[in-house]
Novice: 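Below you'll find the structure I mean.
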Amino acid sequence: MSKSVILLGIESSCDDTAAAILKDGKLLANIVANQDIHKQYGGVVPELASRAHQQNIIPVVHQAILKAGINKEDINAIAFTRGPGLMGSLLVGTSFAKAFAMGLNIPLIEVNHMQAHILAHFITSPDLPKGEERQPEFPFLCLTVSGGHTQIVLVKDHFDMTVLGETIDDAAGEAFDKAAKIMNLPYPGGPLIDKYAALGNPLTFKFTKPQLPELNFSFSGLKTGFMNFINKETSKNPNFVTENLNDICASIQHTIIEILMDKLKKAALQTGIQHIAIAGGVSANSGLRKELLKNEELLGWKVFIPAFQYCTDNAAMIAMTGYLKFLKKDFTTQATTPSARYSIA
Ligand code: KG4
Ligand code: ZN
């Protein structure tokens, strides 16, 4: 029998410090330390994120090793996020991974964060409920929606991906977070809008959707329109937001989902592909998940939705991508440096 492969994955591209241990493709530990410090600023403060990563990285890796029940000497390779992301944040994970690999004399594997969000679909873990372990079949389309990116990706194979369309300004997650900030909700606003939206009427308020050609997205106009709307209404009634919070959240969430779904349907029509996946932090949104699943019946789509814990930033997806690269012996050298704008092409 061939020897088992134990892999450590490290994620530090934005404001989550994460470590995961994967044995022969199966997840043994998945630890994420969120950084509460950004809450009060309404968004991620890069300098504070780098400092928090520096504080968190050793305890997070230590906890992952303990949870997995292994010794650090058992680890056969280390995978880390090389980009895209915030340079200061990426530097912490990259430096840690390089030093760790050198200390243990094991291979180093660089991972693209956006590719990893998509490959999160291939994580197998004993804690996944029935149905959620279903993996997409190639080729499939993936709507990758996070705080930093919004893309429709044609995925022909694990490492054969083409971006068919992307945002020309804000990301979908940013649209959620900025709308929340305008309503004085703390960062990250996406999960809160999702929560209040479930109690509101999505058709109460109408917002203008962008008219962009092809498969590209734009969210900055929606943000400005939303800000003007809130300013106008609160000048008439200072309690407008608190009195209408559920309906406002439901309406803005409905508009963001419509913008995403319009383009996804267009991409499915253009490519003739009906295997549709979502990935990234915004794929945790319950409204988006519901809307996608509706199309299994309406349009004959086969829909793939990652488990909640693998939607937002995590290291399980980095370890999974690292494992697939390990099998191809796709290693990197100690000369590697982070890439803030690392493309998946
Ligand atoms: O993938 P992710 O954890 O980090 C990036 O790579 O950006 O995504 C974070 C984004 C944030 O904008 C957050 O507000 C959004 O995902 N998000 C959500 C939900 N959960 C996280 N947006 C809408 N509904 C949610 N339930
Ligand atoms: Zn992400």
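Counting starts at 1 for both ligands and their atoms, following the listed order. When a residue number appears, it is its place in the shown sequence, counting from 1.
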Novice: Run the ring pair (Phe, Tyr, Trp, His ring centres under 6.0 Å) test on Phe229 and Phe240 for me, step by step, so that the C-alpha distance in whole Å, both residues' side-chain angles and the decisive distance to 0.1 Å come before the verdict.
Specialist: CA-CA 11 Å; Phe229 164 77; Phe240 175 75; 5.7 Å; yes
Novice: Can you tell me how the ring of Phe205 sits relative to the ring of Phe207, calling it parallel under 30°, perpendicular over 60° and tilted otherwise?
Specialist: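 Phe205 and Phe207: tilted rings.
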Novice: Taking 4.0 angstrom as the limit and counting only heavy atoms of Thr312, give me the atoms of ligand 1 inside it, by number and element.
Specialist: 3 (O), 21 (C)
Novice: Tell me whether Asp262 is salt-bridged to Lys209, with the criterion being a basic N under 4.0 Å from an acidic carboxylate O.
Specialist: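 Looking at Lys209 together with Asp262, the answer is yes, because their closest N to O distance falls below 4.0 Å.
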Novice: Kindly confirm or rule out an N or O of Asn285 lying under 3.5 angstrom from an N or O of ligand 1.
Specialist: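 Checking ligand 1 against Asn285, an N or O pair does fall under 3.5 Å apart.
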Novice: Considering only heavy atoms, does Asp177 approach ligand 1 within less than 4.0 Å through its side chain, its backbone, both, or neither?
Specialist: side chain
Novice: Kindly determine whether Phe80 and Phe100 satisfy ring pair (Phe, Tyr, Trp, His ring centres under 6.0 Å), including the steps that lead there.
Specialist: CA-CA 11 Å; Phe80 69 98; Phe100 198 89; over 10 Å; no
Novice: Out of all atoms in ligand 1, which are within 4.0 Å of some heavy atom of Gly281? Include the element for each.
Specialist: 1 (O), 2 (P), 8 (O), 16 (O), 17 (N), 18 (C), 19 (C), 20 (N), 21 (C)
Novice: Provide the number and element of each atom of ligand 1 under 4.0 Å from a heavy atom of Ser146.
Specialist: 1 (O), 5 (C), 6 (O), 7 (O), 8 (O)
Novice: Under 4.5 Å between any side-chain heavy atoms of Val155 and Asp160, yes or no?
Specialist: no
Novice: Where does the angle between the aromatic ring planes of His158 and Phe138 fall among parallel (under 30°), tilted (30 to 60°) and perpendicular (over 60°)?
Specialist: perpendicular
Novice: Within Cys14, is some N, O or S atom less than 2.8 Å away from the Zn ion (ligand 2)?
Specialist: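 Short answer: no, not a single N, O or S atom is under the cut-off.
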Novice: One thing to verify: whether Glu137 and Lys302 come together as a salt bridge, which I'm taking to mean a side-chain N less than 4.0 angstrom from a carboxylate O.
Specialist: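 The answer is yes: the pair qualifies as a salt bridge.
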Novice: Where is the nearest protein heavy atom to atom 9 (C) of ligand 1: which residue, which atom, and how far?
Specialist: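 The closest heavy atom on the protein side is Gly147 N, 3.7 Å.
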Novice: Mind checking whether Val153 and Ile344 have side chains closer than 4.5 Å, heavy atoms only?
Specialist: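 They are in contact (side-chain heavy atoms under 4.5 Å apart), so the answer is yes.
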Novice: Return the minimal non-hydrogen interatomic distance between Gln135 and His121, and the atom names on each side.
Specialist: CG-O, 3.6 Å
Novice: Which atom, among the N/O/S set of Asp313, is closest to the Zn ion (ligand 2)?
Specialist: OD1
Novice: Before signing off on this row, confirm whether Phe176 and ligand 1 have an N or O atom pair separated by under 3.5 Å.
Specialist: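 Between Phe176 and ligand 1, no N or O pair is found under 3.5 Å apart.
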Novice: Before giving the answer on ring pair (Phe, Tyr, Trp, His ring centres under 6.0 Å), spell out for Tyr187 and Tyr41 the whole-Å C-alpha distance, their side-chain angles and the decisive distance to 0.1 Å.
Specialist: CA-CA 7 Å; Tyr187 173 87; Tyr41 298 99; over 10 Å; no
Novice: State, with a plain yes or no, whether a side-chain heavy atom of Lys156 is found less than 4.5 Å away from one of Thr162.
Specialist: yes
Novice: Suppose we measure from atom 2 (P) of ligand 1 to each protein heavy atom; which comes out shortest, and what is that distance?
Specialist: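 Among all protein heavy atoms, the one nearest atom 2 (P) of ligand 1 is Asp313 OD1, 3.3 Å.
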Novice: At under 4.0 Å between heavy atoms, is it the side chain or the backbone of His113 that contacts ligand 1, or both, or neither?
Specialist: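 Side chain only.
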Novice: Check for me whether Cys14 has a heavy atom closer than 4.0 Å to any atom of ligand 1.
Specialist: no
Novice: May I ask you to list the atoms of ligand 1 that are less than 4.0 angstrom from any heavy atom of Gly148?
Specialist: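 Here the atoms of ligand 1 in question are 7 (O).
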Novice: With respect to the Zn ion (ligand 2), what is the nearest N, O or S atom of His117?
Specialist: NE2
Novice: Near His117, which atoms of ligand 1 are under 4.0 Å from a heavy atom of that residue?
Specialist: 1 (O), 6 (O)
Novice: Check this for me - ligand 1, Glu174, N or O atoms closer than 3.5 angstrom, yes or no?
Specialist: no
Novice: Just checking Glu214: does its CD atom have more than 12 heavy atoms from other residues, nucleotides or ligands closer to it than 6.0 angstrom?
Specialist: no
Novice: Would one find an N, O or S atom of His113, in either backbone or side chain, under 2.8 Å from the Zn ion (ligand 2)?
Specialist: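 Of the N, O and S atoms in His113, at least one lies under 2.8 Å from the Zn ion (ligand 2), which means yes.
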Novice: Identify, by atom number and element, the atoms of ligand 1 in contact range of Asp194, meaning under 4.0 Å from any of its heavy atoms.
Specialist: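 Ligand 1 atoms under the 4.0 Å threshold to Asp194: 24 (N), 25 (C), 26 (N).
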Novice: What are the atoms of ligand 1, with element, lying closer than 4.0 Å to any heavy atom of Gly173?
Specialist: 12 (O)
Novice: Please state which option from Ser13, Gly280, Gly190, Ala197 has its nearest heavy atom closest to atom 22 (N) of ligand 1.
Specialist: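 Selected option, by shortest heavy-atom distance: Gly190.
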